Amino acid sequence: MSIRLQYPNPVSQSYPIEAYYHTIMASIAAAARRVGREPAEIRLVGASKTVDLARIREAVAAGLAILGENYLQEARQKIAVLDAPVSWHFIGHLQSNKANAAVRLFDLIHSVDRLSLAQALNRAAANINKVQDVLLEVNLAGEASKSGISSTELPDLIRVCHGLSHLRVRGLMAMPPWFADPEQARPYFKKLRILRDQVQSQGQPGLELVELSMGMSGDYEVAIEEGATLVRIGTALFGSRPH
Ligand SMILES: *Cc1c(COP(=O)(O)O)cnc(C)c1O
C-alpha cells in the first residue's frame, strides 16, 4: 500500500515545503523497507525547473541535498546565487554545444543519450581537468516524443563512453510512458534494472553501473521497489508548475 500525496495547488505564501519534503522522505524509506533495501541507498533529486529561489531555499533548509535542473540558462542563474552546499544535477535534454557550461555546473548529468553528446562532454571535461559523472538515458518504450537511446543500442554506447577518459558512466536513467496508475510503470523500471544488470555482467573492467535514476512524483515508490537509487521529484515537493 502506497501513500498518495495530495499535490499542493496553487502555490501559496504558506506552502509547506518542509512538510512535503519530510512526507516524501518517509515514503522513500517505507518503499525501500518494503523490499528490504536501506533507505540511505536512495537519494532524492528535487526537480527544480521553474521553481524560484525562495522555494528552493526552503527545501534545502529542510534537508534537500540535490537539485536537478532541465535548462542550462536557468540553472546557471540559480547556481550563481544559491549559496548552499547542494549538488546540482542536469536532468533535461542537453545540446552538445552547451557541453562546456554543463561540465562546469553539474556533478552528474542524467541525460546522455547519444555518442556525439558523450564526446562533446568528454572534450569539455578534459579542458577543465574534470572527470564528468554521467548516466545514459534509455528510451524504454521507443517513444518518438522522448529522448534516450534504445535498449538495443545501449551496450555499444556504454562501451564507447566507458572508453572516454574524462567521462565516468555511473548508471542509467529513464522516463517511462506516463500512466495514471503507477503500477503500470513497474515493468519499465524493472526493465531498466535488468538492462543495467546485463551490461554490468559483461564485466568491462572499471565499469560500475551503480545508479538507476527512475521515478518521479507519481511513481517513485514503485521505482524504488524496482531498484531506483535516484528519484527525480518536482511536483510532489515544490507544487505544480506553471503551464
Ligand atoms: C520535471 C521532471 C521531473 C519531475 O517531474 P514531476 O512529475 O513533477 O515530479 C523528473 N524528471 C525529469 C527529467 C523532469 O524533467
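Quick caveat, the model's predicted, so the values are computed rather than measured. Counting starts at 1 for both ligands and their atoms, in listed order.
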Using a cut-off of under 3.5 Å, which N/O atoms of ligand 1 pair up with protein N/O atoms, and what distance separates each pair?
from     : atom 1 : to     : atom 2 : distance (Å)
ligand 1 : 8 (O)  : Thr235 : N      : 2.8
ligand 1 : 8 (O)  : Thr235 : OG1    : 2.4
ligand 1 : 8 (O)  : Arg241 : NH1    : 2.8
ligand 1 : 8 (O)  : Arg241 : NH2    : 3.2
ligand 1 : 9 (O)  : Ser217 : N      : 3.0
ligand 1 : 9 (O)  : Ser217 : OG     : 2.5
ligand 1 : 9 (O)  : Gly234 : N      : 2.8
ligand 1 : 11 (N) : Arg232 : NE     : 2.9
ligand 1 : 15 (O) : Lys49  : NZ     : 2.7
ligand 1 : 15 (O) : Asn70  : ND2    : 2.7

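Under the 3.5 Å distance criterion, with hydrogens and angles disregarded, no donor-acceptor pair is assigned to the side chains of Glu137 and Ser111.
Comment: Glu74 does not engage Lys49 in a salt bridge, judged by the lack of any side-chain N to carboxylate O separation of less than 4.0 angstrom.
With hydrogens and angles ignored, the 3.5 Å screen pairs a side-chain donor or acceptor of Asp219 with a backbone N or O of Met216.
Applying the side chain to side chain donor-acceptor pair (under 3.5 Å) test to every pair with at least one member in residues 167-180, sequence neighbours left out, gives these pairs: Asp133-Arg168.
No chain of hydrophobic side-chain contacts below 4.5 Å, direct or via other Ile, Leu, Val, Met, Phe, Trp or Tyr residues, connects Ile66 to Ile224.
Exactly one of Leu82, Leu108, Val45 qualifies for a side-chain contact (heavy atoms from CB on, under 4.5 Å) with Trp88. That residue is Leu82.
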